[in-house]
Amino acid sequence: MTFSNDKAIYVQMADRLCDEILAGKYQDDDRIPSVREYSVLLEVNTNTAVKAYDELARANIIYNKRGLGYFVTPGAKKQILKERKKEFMKERLPELFRQMKLLGITLEDVKVAYDMQQ
């Protein structure tokens, strides 16, 4: 995985695991890779992976079964979608609208471009 400089690595790791949940790679109550497995896979320090898993556990996205590993919390996908939509609407959409206004891009222009992607 290539990490960017705009977010802490553990946050990017947590985001990636959330992406995998959203994509259906992991379902409710599925076991996810161990901290060690995930740190090896992404080539990061184990302590960084621990921070990512702790963050996800605090957000109730994953839970730990002592001795068995980490699992996806039931309803995690719905919770991730809700939070990401809220973040998109609050933080990304206003900037997008500002840029559209500056560039003279209409909603119709966006619809045409969107339809072309389908």
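These numbers come from a predicted model, not from an experiment. Numbers here are sequence positions counted from 1. Atom set for the values below is all heavy atoms of this structure, side chains included, hydrogens, waters and symmetry mates excluded.
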Open item on the list: Less than 4.0 angstrom from a charged side-chain N to a carboxylate O is my criterion; do R58 and E55 meet it?
Closed with: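 Yes, charged N to carboxylate O under 4.0 Å.
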Task: D28 with K78: basic N within carboxylate O range, under 4.0 Å - done: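 Judged by the 4.0 Å cut-off on N to carboxylate O distance, D28 and K78 do not form a salt bridge.
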Mind listing the closest non-hydrogen atom pair of [X] and [Y] along with its distance?
X: Y70; Y: V35; answer: CE1-CG2, 4.0 Å
X: V110; Y: M100; answer: CG2-CE, 3.5 Å
X: L42; Y: F3; answer: O-CE1, 3.9 Å

Open item on the list: Does atom NZ (K51) have a neighbourhood of more than 12 heavy atoms from anything else shown, all under 6.0 Å?
Closed with: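 Open: at most 12 neighbouring heavy atoms sit under 6.0 Å from NZ of K51.
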State plainly whether one hydrophobic cluster holds both [X] and [Y], where clusters connect Ile, Leu, Val, Met, Phe, Trp and Tyr through side-chain heavy atoms under 4.5 angstrom apart.
X: V72; Y: L81; value: yes
X: V50; Y: Y38; value: yes
X: Y114; Y: M116; value: no
X: L22; Y: F71; value: no
X: V40; Y: L17; value: no

To the nearest 0.5 Å, tell me how far [X] [atom1] sits from [Y] [atom2].
X: I32; Y: E37; atom1: CD1; atom2: CD; value: 10.0 Å
X: E20; Y: R16; atom1: CD; atom2: CZ; value: 5.0 Å
X: D29; Y: Y63; atom1: CG; atom2: OH; value: 3.5 Å
X: L56; Y: N64; atom1: CG; atom2: CG; value: 12.5 Å
X: K111; Y: D115; atom1: NZ; atom2: CG; value: 3.5 Å

Side-chain donor-acceptor contacts of residues 90-97 below 3.5 Å, not counting sequence neighbours, with atom names and distances?
from, atom 1, to, atom 2, distance (Å)
E95, OE1, R98, NE, 2.9
E95, OE2, R98, NH2, 3.1
E95, OE2, Q99, NE2, 3.1

Taking the side chain as C-beta and beyond, is there a heavy-atom pair between [X] and [Y] under 4.5 Å?
X: C18; Y: R84; value: yes
X: Y26; Y: P33; value: yes
X: I61; Y: Q79; value: yes

Task: Exam field: side chain T73 to backbone A76, donor-acceptor pair closer than 3.5 Å - done: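 No, the answer is negative, given that no donor and acceptor are paired below the 3.5 Å cut-off.
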N/O donor to acceptor pairs below 3.5 angstrom from side-chain atoms of residues 5-13, sequence neighbours left out:
from, atom 1, to, atom 2, distance (Å)
D6, OD1, S4, OG, 2.3
K7, NZ, D15, OD2, 2.7
Q12, OE1, S4, N, 2.8
Q12, OE1, S4, OG, 3.4
Q12, NE2, S4, O, 2.9
Q12, NE2, K7, O, 2.7

